Number of protein chains: 2
Amino acid sequence: MSQAVLESPIQADPPSLRPLDAFAGSLSQRVHASLKEAILDLTLRPGAILRKGEVCAALGVSRSPVAEAVARLAQEALVDVVPQAGTYVARLSMEEVREGAFLREALEIAAVEMVAGRVGAEQLAQLRRNLRLQEAALVDGDIGGFHAADALFHELILSFTGHRRLPGLSRTAWVHVDRARRLLLPTPGRVDETLEEHRAILAALEARDPEAARAATRAHLRQLVTRLERLVVERPELFAGNLGLPGS
Amino acid sequence: MSQAVLESPIQADPPSLRPLDAFAGSLSQRVHASLKEAILDLTLRPGAILRKGEVCAALGVSRSPVAEAVARLAQEALVDVVPQAGTYVARLSMEEVREGAFLREALEIAAVEMVAGRVGAEQLAQLRRNLRLQEAALVDGDIGGFHAADALFHELILSFTGHRRLPGLSRTAWVHVDRARRLLLPTPGRVDETLEEHRAILAALEARDPEAARAATRAHLRQLVTRLERLVVERPELFAGNLGLPGS
DNA sequence: AGCCTGCGACATGCTAGCATGTTAGCTGCG
DNA sequence: CGCAGCTAACATGCTAGCATGTCGCAGGCT
């Protein structure tokens with residue numbers, strides 16, 4: 001299915017990676033985190049070649065931890081490893097975007113339905129504090145801060161289920177969507193509506209209404225994908241060689 | 001069945017692993033698949049130590065692919081690696097069971113809701129064929145065949161979403177639940193009810209009723225976890241961490 | 001007799017080097 | 001001038017060996 005064809009030449013790859021001392025854990029995990037961050041930040045452009053030699057030279061480690069980190073990235077569909085040929089950063093694929101969005105929607109809807117029935121006062125207070133943070137960020141025009149608070153809002157709800165690995169799974173699933181957003185929708189736009197949708201989710205949780213929480217979460221999460229789908233029609237050239245375009 | 005893997009039968013710890021030639025892909029992937037199967041089959045008992053040296057000796061490969069495979073297993077929470085100390089097969093944990101069940105329920109509910117609106121005639125025919133397979137297996141008393149068809153039934157529905165990685169994710173999530181089932185509920189029981197629940201799901205899909213499909217799927221998936229939860233109350237000693245394995 | 005300490009062995013993690021398959025470029029030919 | 005075949009470099013995957021940290025046990029001390 002996913003053939004690693006590169007129709008466009010690859011630009012030079014400056015090894016601008018974050019030093020791995022900023023992360024914790026094993027060397028492999030640190031390398032993994034550093035590479036993942038770079039891929040999400042678009043520091044490593046989609047489709048760019050990712051030479052393991054370059055990586056281990058830039059980070060000052062050997063090839064084994066790099067290989068392990070790359071294997072984990074491949075499992076997350078963030079890189080595409082062609083045996084004995086090369087490793088490439090995953091291209092923007094609407095298929096992956098749809099799948100990631102589907103996954104996150106499934107997870108978050110299940111989470112809000114569950115949380116709506118058992119949410120506590122302290123948890124609601126956390127969400128309200130986070131919402132105030134979002135408002136403050138918008139007032140200050142701090143888009144980055146708003147996005148950080150946005151992510152935290154969703155992670156809070158997921159963590160309220162009591163399942164520890166859920167936030168990480170959701171984040172991994174969302175990576176492809178977020179990458180498409182950063183690359184294709186640089187304009188802030190819709191932050192006010194986003195805040196309003198967060199308020200709706202919180203209101204549903206405060207009312208302990210699973211149905212309303214589900215509807216609000218679904219509507220909220222589908223906004224971004226809808227905009228991206230629109231972009232597929234309007235500017236298909238951005239999704240080169242991915243969404244089953246006729247090619248010839 | 002060539003089991004010439006054992007060059008020296010005098011081994012204190014016989015890690016009876018399936019020969020990796022039965023799998024496809026890279027060596028690491030094959031090792032990963034073999035170990036995962038052994039863990040799911042309870043061939044590798046929960047809490048048992050998993051020496052990498054033993055593994056690479058039993059499979060005839062070096063330590064790098066084994067290390068990579070074990071890393072992936074750790075990412076799936078199937079093994080617990082203690083740095084410079086040892087690797088252990090994950091113990092049965094009701095937390096993991098609950099989380100895996102939650103995850104699979106979220107995925108499958110989202111899937112049936114989506115599929116109910118777009119299911120085609122050929123897909124319905126596939127599900128009906130699978131259901132006949134289940135019936136035949138029950139008539140023959142082939143419990144293993146029934147479970148295989150059961151798994152395929154769910155994978156079919158997931159694959160109908162068009163998302164390729166969904167079945168694998170669901171399977172990984174379900175591993176902990178299935179492991180608990182195999183160890184704690186060896187009695188077949190409830191196969192007739194299971195078949196009936198599958199019929200209900202199929203009926204909802206035939207009627208293109210997302211609500212009914214969701215309800216049927218949820219009821220179906222929660223049966224097993226409910227039984228396990230009951231076991232936690234009735235026989236808590238089974239979940240007291242170490243699951244009564246005679247290991248040294 | 002019980003506890004603490006020091007030592008031995010082990011298991012993992014990392015580093016360096018070799019085999020294998022692919023890809024790109026070049027040369028020769030039609 | 002275009003295409004096919006070949007050659008050479010390259011990137012990954014694997015194999016072997018070394019450093020690091022931990023766990024268990026024996027011995028001595030209180």
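Treat the numbers as computed from the prediction; the structure is a model and nothing was measured.
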A/P83 vs A/S62, nearer the 5' end of DNA chain C by closest nucleotide | A/S62
Specify the separation, in whole Å, of atom [atom1] of [X] and atom [atom2] of [N].
| X | N | atom1 | atom2 | value |
| --- | --- | --- | --- | --- |
| B/L27 | D/dA16 | CG | P | 13 Å |
| A/Q29 | C/dC14 | CD | P | 9 Å |
| A/I49 | C/dA24 | CD1 | C1' | 12 Å |
| B/Y88 | D/dC23 | OH | C1' | 8 Å |
| A/Q84 | C/dA19 | CD | C1' | 10 Å |
| B/R63 | D/dC14 | CZ | C1' | 13 Å |

Side chains of B/Q126 and B/N130: is there a donor and an acceptor less than 3.5 Å apart?
-> no
Between A/S64 and A/T87, the residue closer to the 5' end of DNA chain D by nearest nucleotide is A/T87
Considering all heavy atoms, the nearest B/V70-B/V79 contact = O-CG2, 3.7 Å
Quickly, which of A/E155, A/E37, A/E76, A/E108 forms a salt bridge (Lys or Arg N to Asp or Glu O under 4.0 Å) with A/R171? Name it, please.
-> A/E155
Only one of A/R222, A/Q223, A/R227, A/E229 clears side chain to side chain contact (heavy atoms under 4.5 Å, CB included) with A/V225; which?
-> A/E229
